[in-house]
Structure formats: structure tokens, C-alpha cells
2 protein chains.
Amino acid sequence: MAARSVDPGESVDPVDPAEPASTPEPVGTAESVGTAASVGTAEPFTPGTVRPGGRTARVRTAVLRAAEDALVEHGFSGLDLGDIAQRAEVGRTTVYRRWGSTTALVADLLADMAEQSLPRTHTGSLAEDLRANARLVRRTLADPRQGALFRAVIVAANCDADAAEALRHFYRRRVEEWAPCVTEAVERGELPADTDASEVVRAVSAPLYYRMLTTVEPLDEAAADRAAAAAGAAARAGAYRLQGP
Amino acid sequence: MAARSVDPGESVDPVDPAEPASTPEPVGTAESVGTAASVGTAEPFTPGTVRPGGRTARVRTAVLRAAEDALVEHGFSGLDLGDIAQRAEVGRTTVYRRWGSTTALVADLLADMAEQSLPRTHTGSLAEDLRANARLVRRTLADPRQGALFRAVIVAANCDADAAEALRHFYRRRVEEWAPCVTEAVERGELPADTDASEVVRAVSAPLYYRMLTTVEPLDEAAADRAAAAAGAAARAGAYRLQGP
DNA sequence: CCCCTAATGGGACTCCCGTTCCGTTAGGAT
DNA sequence: ATCCTAACGGAACGGGAGTCCCATTAGGGG
């Protein structure tokens with residue numbers, strides 16, 4: 001049963017279950033495309049693309065949710081497509097046919113996660129915006145469910161090129177969302193003119209991820225505030241200017 | 001054959017092949033210990049502990065090297081103990097008996113890697129020491145062989161508790177090696193008195209690892225210098241003081 | 001409302017990872 | 001040098017993940 005409840009209002013929330021068809025992300029079965037002008041036996045293309053309607057969409061969301069639960073419970077290495085099929089109450093064959101591998105499934109899950117918008121704050125102060133961002137990241141990584149999910153997803157990205165691209169896309173989205181708070185600080189004159197906004201935003205997350213990966217120390221709010229303060233101080237000192245210091 | 005040559009003088013170099021017995025790290029087969037006071041059939045404990053001499057040690061180094069090669073080639077997810085046994089020219093059974101799982105093998109490999117000492121620089125300037133450290137990390141992660149190895153090892157750490165502990169131990173060692181250059185800077189009066197030296201050192205590595213994991217942009221020397229400069233600036237601004245700012 | 005077929009689902013089959021059994025080799029203590 | 005047995009290695013075995021085949025269900029266009 002695995003409750004899929006997350007702290008209300010927490011970062012990545014599930015999509016509306018009735019979502020119609022959000023680009024089913026066909027798995028790259030790029031193979032033998034030629035000779036399609038035959039009689040009637042046209043090569044069946046990647047499933048889920050021709051009739052993305054009701055059932056297909058339901059199967060997709062059910063499987064993605066099951067995958068999320070499984071990732072949280074057993075991590076990426078423990079991912080079993082057969083188990084996911086059972087959780088999703090979907091035929092085992094279907095999962096193998098539409099996704100084919102655990103990494104492809106995670107890549108699709110990441111594409112789905114990237115869709116969730118996560119509005120940034122607008123406090124009017126760079127320090128406060130960065131701290132809000134750091135605390136949000138901290139809370140996500142420290143949350144048992146979300147943290148486990150992110151670990152799993154990072155692992156998958158290191159095992160497969162497609163999953164890696166999906167993860168990069170996810171972070172690109174997140175960084176794009178928060179970069180404006182740096183740009184605005186530049187316009188207010190708080191930072192050097194040629195400051196690389198994306199780099200500042202990444203600088204906030206980096207120590208938190210690094211800490212999660214390499215130490216046992218808990219990811220507490222003090223660590224988040226420190227990360228934000230450090231990124232702010234470095235930015236003010238011109239460490240993230242596009243042209244040398 | 002997979003050349004195991006690394007840039008000369010590069011970070012993790014292989015141990016002396018003739019190393020006698022460096023704590024063979026028995027896999028935790030903690031099971032049925034009781035009733036050892038029987039007749040003659042004493043339970044055979046973890047292999048490699050009673051006779052760590054010649055052959056056993058040779059097998060260990062051969063397997064660890066093979067594991068390293070395999071990790072570099074196929075990543076952690078592609079690790080196959082049978083394949084490793086072949087590469088090491090060792091019986092498949094032996095690998096399964098002594099390590100038992102891919103994660104345990106990686107944990108042992110990490111323990112081995114942690115033994116390699118990697119002396120820090122002593123330039124007399126915090127900025128230069130940090131930059132030297134950043135460039136070393138950068139070079140390691142950007143190196144095809146070392147980079148792949150580190151990715152694989154991080155993945156393993158996220159799949160298994162023992163591997164995670166081994167990875168933490170590895171980084172603890174590395175941080176301990178470099179922390180003094182921060183402490184000395186404090187003594188010289190370059191940084192606030194209660195600066196957390198380890199945190200500064202980690203702050204240098206963090207953005208490099210984060211960049212490797214979440215972007216496609218190459219890990220160039222400019223990125224390393226930026227990471228060092230940012231950590232230095234933040235430290236001078238007091239962002240890493242033990243008690244609040 | 002009906003038809004065509006995309007998409008799903010069950011079950012049998014295959015292959016390979018990991019285990020077990022037991023004979024062989026070689027530490028290392030005497 | 002000799003013996004004892006820890007440790008290794010080959011071969012056969014078992015189970016589970018992934019594939020294949022075909023019958024069934026349900027989009028969605030007419």
C-alpha cells in the first residue's frame with residue numbers, strides 16, 4: 001500500500017491523476033524503420049504513441065507512481081519491473097514493452113517530475129531568496145521519501161545516458177526557475193554586473209548534495225543557511241562573474 | 001587487457017602489488033556464530049582471514065584491479081562478478097565466496113583506495129592551496145578512468161550501506177589531509193578564528209561533483225578555479241564559522 | 001453503434017546469475 | 001621435508017528476470 005503522502009505543499013507533488021496525455025515519452029526503440037509502405041503488416045511503433053487515450057494514460061501514471069514507491073523503498077538497484085507491474089496492477093509484459101528497462105522508466109519518471117512547477121520566492125532580498133531555495137532543497141533531500149527518490153534518480157542517471165539527460169533537464173528547469181532572483185539582485189546592484197546567475201543557484205545546492213552523498217551528518221537547516229550564505233558571499237565577492245575575477 | 005595506466009602522479013595509484021595483508025576486509029557474513037565448542041567441524045569463518053598469505057593476497061589485488069577495470073568500462077550497474085573473476089583469472093566461486101556481492105566488492109575497493117595517501121600542497125597561501133586542491137579534484141573527475149571510477153563508486157554507495165560507509169571513510173581521509181591548509185590560514189589571520197576547516201575543504205569539492213552529476217558542461221580548469229575562489233571568498237566572509245555568522 | 005486494430009495481459013520458455021558440492025592446490029606450522 | 005587444512009576452482013544445479021506468443025480488451029474513427 002505504501003502511502004504516497006508527502007508533507008503537504010512539499011516540492012514534487014504527484015500530477016493530477018486525471019491528466020490526459022503528457023507526452024508518453026516513447027522509449028528509444030529506434031530500430032528498423034524502413035519499408036513501411038508494405039501491405040498491412042506495418043511495423044508496430046513504440047506503444048502508447050498511437051492511442052495515448054484513456055487506458056494508456058492510466059497505465060502510465062499507475063506505473064510511474066508504482067516506480068516512485070519502489071524507488072523509495074528499495075532504491076534504484078532494487079528496482080524490479082515485475083514488482084512494479086504488480087504494484088501498478090498492470091501486466092508485466094506491458095511494463096517491459098513500454099519501458100523495457102529500469103533506467104528508461106526512471107528517465108520517464110524524471111521527465112514527469114520536471115513538469116511539476118515549483119515557484120520560487122520573491123522576497124526582494126538576495127540573501128533571503130537564496131536561503132529560501134537552500135531550505136527547500138534541504139527539506140526535499142532530508143525528507144525520507146523525497147530524499148530516497150532523489151538518491152535513486154541520481155544513481156539511475158549514472159547508469160544510463162538517457163536517464164542522465166533526463167536528470168540534467170530536470171535540474172535545468174529548477175535552476176531556470178530560481179536564476180531570476182540572482183538576476184534581479186544584479187539589477188539592484190547587489191552583485192557584480194556579469195554574475196553568472198545559474199552558477200550562483202547551483203552553488204547553493206551543491207554543498208547540500210555533496211553533504212548528502214559523502215557524510216552521515218544530518219542535513220539540518222543550519223547547513224542550508226550556511227550554503228545560502230556561502231553562495232551569497234562568494235557571489236558578492238565576484239567569484240561567479242563570467243569573465244575572470 | 002584494459003591498460004590500467006593513469007596519468008603518472010595522478011591521485012589514486014595502485015598499491016604495491018606485493019603488499020602483504022592489508023586487512024582483507026571480511027564481508028559481513030555475520031551468521032550462526034553459536035556452538036563453536038564442538039568436536040572438530042568448526043564453522044569456517046570468512047575466507048582470507050586465517051591464511052592471508054601469498055595466494056590470498058594475490059587473489060585480492062587481482063580481483064580489486066579487475067573490479068576497477070570493470071567499473072571503468074561498464075559502470076557499477078554493469079558489474080558482473082563472473083566477468084571480474086575471468087579478468088582476474090580467478091575462480092568464479094572464489095569471488096562469490098569472499099565478497100559475495102558487487103557492493104561489498106566496491107566497499108573493499110574503496111577501503112583500498114582510502115589507503116593511498118595523497119599529500120596536499122604547502123604553498124603558504126590559502127587561495128593557492130585551495131586552488132591546487134580544486135584542480136586535483138577536477139583533474140581526477142575529468143580523467144576518463146578516474147572519473148568513471150568515482151561515478152561508479154558513488155553509485156555503489158547509494159545502493160548499499162557498507163559501501164556508503166566505505167565512501168564516507170574515503171572522503172573523511174581526503175578532507176583530513178587538506179583541512180590543515182585552512183587551519184594554517186586561520187593561524188595566519190587570513191580567516192575568522194572559528195572557521196570550520198573541513199567544511200571549507202568540502203566546499204571546494206562540492207560544486208565540482210555537483211557539476212559532474214547534473215550538467216553536461218565540461219569540468220574545465222576554470223570551473224576548478226571558480227570553486228576554489230568561491231570557497232575562499234565565502235570562508236573569508238565568515239560563512240563557515242562554527243557559531244553563526 | 002460498429003468495426004478495426006492499438007494496447008494490454010497471461011503463461012510458457014530461455015538464459016544467466018548466484019549457489020552448492022566436492023576434488024585440488026598451496027599456506028604455514030612443526 | 002611433511003602434514004593439516006584454509007582457500008581455491010571446476011562443474012552441475014536452481015530460481016528468477018526478461019522475452020515471446022497469442023488471446024482478450026478497449027480506444028477512437030467512421
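Every chain is numbered from 1 and lettered A, B, ... according to where its sequence line falls, protein lines coming before strand lines. No experiment lies behind these values; they were computed from the predicted model shown.
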Fill in the blank from the handout: Rounded to 10°, the angle between the first-five-pair and last-five-pair axes of the helix from C:dC1-D:dG30 to C:dT30-D:dA1 is 50°
Quiz: residues 207-215 of chain A side-chain donor-acceptor pairs under 3.5 angstrom, not counting sequence neighbours:
unit_1   : atom_1 : unit_2   : atom_2 : d
A:Tyr209 : OH     : A:Tyr171 : OH     : 2.7
A:Arg211 : NE     : A:Pro218 : O      : 3.4
A:Arg211 : NH2    : A:Glu217 : OE1    : 3.2
A:Thr214 : OG1    : A:Tyr210 : O      : 2.9
A:Thr215 : OG1    : A:Arg211 : O      : 3.0
A:Thr215 : OG1    : A:Glu217 : N      : 3.4

What is the distance from [atom1] of [X] to [atom2] of [N], rounded to the nearest Å?
X: B:Arg58; N: D:dC8; atom1: CZ; atom2: C1'; result: 11 Å
X: B:Arg60; N: D:dA6; atom1: CZ; atom2: C1'; result: 18 Å
X: A:Arg98; N: D:dT19; atom1: CZ; atom2: P; result: 17 Å
X: A:Gln86; N: D:dG16; atom1: CD; atom2: C1'; result: 13 Å

Under-4.0 Å salt bridge between [X] and [Y]:
X: A:Arg87; Y: A:Asp83; result: yes
X: B:Arg174; Y: B:Glu177; result: no
X: A:Arg98; Y: A:Asp108; result: no

Exercise for the section: State which residues pass salt bridge (Lys or Arg N to Asp or Glu O under 4.0 Å) with A:Asp160; sequence neighbours excluded, sorted by chain then number. Expected result: none
Completion exercise
Residues passing the salt bridge (Lys or Arg N to Asp or Glu O under 4.0 Å) test with A:Glu165, sequence neighbours excluded, are A:Arg168, A:Arg172
Fill in the blank from the handout: Whether each nucleotide of nucleotides 9-19 of chain C has a protein heavy atom under 4.0 Å at its base (B), only at its sugar-phosphate (S) or at neither (-) is summarised, 5' to 3', as BBBB----SBB
Problem - Set of residues satisfying side-chain contact (heavy atoms from CB on, under 4.5 Å) with respect to A:Gln86, sequence neighbours excluded - result: none
Exercise for the section: Indicate yes or no for a side-chain donor-acceptor contact from A:Arg138 to the backbone of A:Leu219 under 3.5 Å, with no hydrogens or angles considered. Expected result: yes
